[in-house]
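Note on naming: letters A, B, ... go to the chains in the order of the sequence lines (proteins, then strands), and numbering restarts at 1 for each one.
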Amino acid sequence: MSSILDGLNEQQLEAVTLPHQSALILAGAGSGKTRVLTTRIAWLIQTGQVSPLALIAVTFTNKAAREMLTRVSAMLPISTRGMWVGTFHGLCNRMLRAHHRDAGLPQTFQILDSADQLSVIKRVMKGLGVDDEKYPPKQAQWFINANKEEGLRAHQVEATDDFSRRLNEVYAAYDGQCTREGVVDFAELLLRCYELLQRNELLRSHYQARFRHLLVDEFQDTSRLQYLWLRLLAGADNAIFAVGDDDQSIYAFRGARSGNMLEFERDFGVRKVIKLEQNYRSHGNILDAANALIRHNRLRLGKNLWTSESGGEPLRQYEATTDVDESAYILDEVRTLHAEGVRLSDVALLYRSNAQSRVLEHALFTAAIAYRVYGGLRFFERQEVKHALAYLRLVSNTDDDGAFLRVVNFPARGIGNRTLEQLQARARDGAASLWRAACAQPPQGKTGASIVAFLSLVEDMRAATRGLPLPEVIEHVIEASGLIAHYKTEKEGGDRVDNLEELVNAGTAFAAEEGLAARTADAPAENEVFTADRPSGLDGFLAHAALEAGEHQASAGADALQLMTVHSAKGLEFHTVFISGLEEGLFPHENSLNEDGGLEEERRLMYVAITRARRRLYLCHAQTRMLHGQIRYNVASRFLDEIPAELVKRVNTASPATGFFGSRAPSFAPAPAPQPAIVGGFRIGQSVRHPRFGSGVIIKAEGRGADARVQVNFRDSGLKWLALEYAKLSAA
DNA sequence: CCTCATTGAGTTTTT
DNA sequence: CTCAATGAGG
């Protein structure tokens with residue numbers, strides 16, 4: 001008889017069948033981490049040690065959570081509905097919805113994404129009269145989130161200097177504003193939930209009694225706050241099964257502390273640390289490269305991956321002259337691979353930062369190769385969708401100032417800044433929301449009438465949608481708000497109308513998945529105090545939109561080349577992987593070099609990138625690259641030097657395409673004629689004019705054709721290098 | 001008060 | 001380059 005345990009190796013089997021005790025599983029890349037986790041869940045349930053509802057499994061991404069559920073239900077004939085499997089944010093949201101009163105939140109509390117959060121911060125700072133030159137709102141946002149991830153409220157923050165004291169004032173005022181509006185940001189979901197459990201003993205012991213087993217994926221990425229939350233939920237008697245890999249910790253920048261692994265061992269008296277070191281994914285050379293690279297990091301728990309596979313192909317390294325050359329090379333190779341029968345969807349093109357996808361996309365688009373870009377603008381982040389969501393948020397909760405401000409004058413209805421500033425001032429004075437302020441004392445005059453019209457528009461929407469099923473609510477709102485009509489008149493608005501209609505579909509899909517089809521938007525969810533399940537109806541949908549900003553398009557089955565950042569590639573694997581832009585300053589990124597531990601994190605990132613490949617790995621870099629509209633000259637990444645040369649085959653002999661590049665001077669005879677070099681119609685010594693810099697004289701030139709650059713001495717602006725292809729230079 | 005245009009500034013990773 | 005914020009004109 002076949003068992004779910006079949007095919008596990010010794011360490012995997014041991015991990016899966018551990019008794020009820022806390023354990024740490026150090027799982028290297030490709031060592032079957034997800035399999036162990038899901039089999040553990042299935043085994044616990046199958047052997048009757050735990051009911052499906054008495055365990056909780058936490059991941060970082062929605063994708064991972066879905067994957068876990070899919071795999072579990074493939075192993076066991078049980079319904080996964082109602083199981084507590086999800087992201088930290090998703091699970092906390094669920095608890096807060098169920099106990100919103102105890103948590104001090106309105107039933108309809110809304111979730112802010114980072115952009116929403118930033119705009120609240122800007123508003124608050126304006127209200128406090130904080131100089132946003134000296135205190136960039138972005139930095140205030142970082143300050144607030146970093147402290148929340150540490151579990152600290154404003155009154156707990158130790159601000160030692162004037163600067164952070166001021167930021168901390170913003171933090172306090174921001175939290176006050178969010179409370180008034182009934183909105184929470186991402187970190188707040190966790191912190192609020194943690195405080196709820198900490199404060200409310202009844203709830204805490206209920207959940208502690210319920211969740212005998214806690215399973216945590218990607219444990220190295222947990223923040224201080226997430227760890228505290230887990231520890232609280234585990235209490236004295238429950239077992240945490242933590243799976244992680246310190247070498248793949250790549251989220252320190254947002255508060256992840258791989259040190260939690262050591263703390264976990266201490267706090268829970270972990271007796272069992274199991275290392276999974278056999279890699280089932282990659283050929284030997286790829287693994288050797290990864291191992292050699294990561295050995296340059298000092299702060300490691302120590303682990304060495306091995307495989308029973310042969311070495312396989314050598315890694316391939318390509319040095320391109322330009323970023324365009326790099327993508328042309330990649331394109332060629334992809335074509336060849338595809339012709340050899342490798343599926344495009346089994347090939348990944350990885351880069352350090354999203355900006356790099358542009359050139360690659362351009363090349364792929366021109367060559368008509370199917371590709372899919374992960375990341376970037378997500379469905380629920382598109383402007384038209386956010387507008388529609390703002391109307392929906394107002395239907396749910398009129399105190400949501402962010403939503404109010406977003407659509408009070410969209411589509412335009414003649415309400416300007418002045419009116420809104422007055423309204424905001426009155427709201428501040430009365431410590432009320434904009435909506436309440438406007439209702440209490442409707443503004444006078446022509447624009448006042450527009451405000452009143454807006455208020456009744458939203459009121460009418462609320463009345464008209466009460467009791468309707470979710471998709472019809474959305475349909476009504478996008479129509480009645482005038483959004484559809486507005487985008488229909490815009491000439492580039494076709495896609496936006498499509499997206500709005502797609503939002504209705506998203507609502508239908510959500511309702512179906514949640515089994516709400518028959519339920520209505522305003523009908524109360526079953527009033528179970530402790531077992532209250534997923535949020536329902538409109539609020540549930542809005543939470544879904546915020547928490548799952550849109551793997552909406554991701555799983556479409558078409559065979560397409562996969563483009564993504566290294567970060568978003570974590571957890572995935574491909575037959576062939578291209579890593580592009582392996583240059584100092586880009587990868588490792590220059591910003592990381594100043595932060596302590598920054599370089600080691602970049603190296604772990606590189607480690608993640610390498611270990612995504614099963615069979616073939618390309619390492620690409622370019623001598624010059626366009627960045628911020630300027631050409632940058634880069635040297636090869638140090639990470640390339642950290643990979644043993646015998647594993648790598650250099651597929652080109654770095655020959656500069658033009659004589660102007662590279663360190664090797666062309667060894668030809670002196671220029672035949674003494675006439676000045678002519679580049680793109682300009683010559684050295686010529687007087688030119690630039691729209692921004694004014695007039696100047698060309699003093700140097702290099703490169704040819706599309707790469708041509710000239711150095712100009714401007715009368716007013718001094719020396720500048722300009723790319724002829726982009727700079728609007730004219731003869732003077 | 002709105003729209004358009006220009007200018008200026010900023011660019012890592014994401015639940 | 002590309003987005004966001006600012007300023008002049010309708």
Inset, instruction - Between B:dT13 and C:dA4, how far apart are the C1' atoms? Round to whole Å, please. - result: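 Nearest-Å result for C:dA4 against B:dT13 at atom C1': 22 Å.
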
Legend entry - C1' spacing across the pair C:dA5 / B:dT12, given as an integer number of angstrom: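 23 Å, rounded to whole Å.
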
Let me know the distance between [atom1] of [X] and [atom2] of [N], rounded to the nearest Å.
X: A:Tyr374; N: B:dT14; atom1: OH; atom2: P; value: 14 Å
X: A:Tyr607; N: B:dT13; atom1: OH; atom2: P; value: 23 Å
X: A:Glu361; N: C:dC1; atom1: CD; atom2: C1'; value: 14 Å
X: A:Trp142; N: B:dT12; atom1: CH2; atom2: C1'; value: 15 Å
X: A:Leu112; N: B:dT14; atom1: CG; atom2: C1'; value: 16 Å
X: A:Leu593; N: B:dT12; atom1: CG; atom2: P; value: 14 Å
X: A:Phe454; N: B:dC1; atom1: CZ; atom2: C1'; value: 18 Å
X: A:Gln248; N: B:dT13; atom1: CD; atom2: C1'; value: 15 Å

Under 4.0 Å, heavy atoms only, any strand: does [X] hit a base, just the sugar-phosphate, or nothing?
X: A:Lys122; result: sugar-phosphate
X: A:Asp113; result: nothing
X: A:Tyr251; result: sugar-phosphate

Heavy atoms from C-beta onward define the side chain here; which of [options] lies closest to that of [X]?
X: A:Ser568; options: B:dT11, B:dT14, B:dT13; result: B:dT14
X: A:His589; options: B:dT12, B:dT15, B:dT13; result: B:dT12
X: A:Arg352; options: B:dT11, B:dT3, B:dT13; result: B:dT13
X: A:Arg358; options: C:dT2, B:dT15, B:dT14; result: C:dT2
X: A:Asn409; options: B:dT15, B:dT11, B:dC2; result: B:dC2

Inset, instruction - Verify the neighbour count for atom CZ of A:Arg300: are there more than 12 heavy atoms of other residues, nucleotides or ligands below 6.0 Å? - result: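 More than 12 within 6.0 Å, yes.
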
Legend entry - Residue mapping more 5' on DNA chain B - nearest nucleotide basis, A:Ser592 or A:Arg413: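 This one resolves to A:Arg413.
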
Inset, instruction - To the nearest 0.5 Å, tell me how far A:Asp323 CG sits from A:Ile631 CD1. - result: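 If we round to the nearest 0.5 Å, A:Asp323:CG and A:Ile631:CD1 are 8.5 Å apart.
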
Legend entry - A:Glu583: which of A:Arg625, A:His621, A:Arg352 passes side chain to side chain donor-acceptor pair (under 3.5 Å):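 Going through A:Arg625, A:His621, A:Arg352 one by one, the side chain to side chain donor-acceptor pair (under 3.5 Å) with A:Glu583 is satisfied by A:Arg625 alone.
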
Inset, instruction - Using the six-membered ring of A:Phe109, assess whether NZ or CZ of A:Arg97 lies under 6.0 Å from its centre and within 45 degrees of the ring axis. - result: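 Here A:Arg97 passes the 6.0 Å and 45° test against A:Phe109.
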
Inset, instruction - Report the residue from A:Tyr374, A:Tyr251, A:Phe587, A:Tyr351 that forms a ring-ring contact (aromatic ring centres under 6.0 Å, His included) with A:His567. - result: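 Answer after filtering A:Tyr374, A:Tyr251, A:Phe587, A:Tyr351: A:Tyr251.
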
Legend entry - Salt bridge present between A:Glu218 and A:Lys570 (N-O < 4.0 angstrom):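 Looking at A:Glu218 and A:Lys570, the cut-off is met.
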
Inset, instruction - Verify the stacking flag for A:Phe253 against B:dT12: centroid separation must be under 5.5 angstrom and the ring planes must differ by under 30 degrees. - result: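 Stack criterion not met.
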
Inset, instruction - Respond yes when some side-chain nitrogen or oxygen of A:Asn62 is under 4.0 Å from OP1 or OP2 of B:dT15, and no when none is. - result: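 Result: no.
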
Inset, instruction - Please state whether the phosphate of B:dT14, meaning OP1 or OP2, lies under 4.0 angstrom from any side-chain nitrogen or oxygen of A:Thr565. - result: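 Yes, A:Thr565 has a side-chain N/O under 4.0 Å of OP1/OP2 on B:dT14.
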
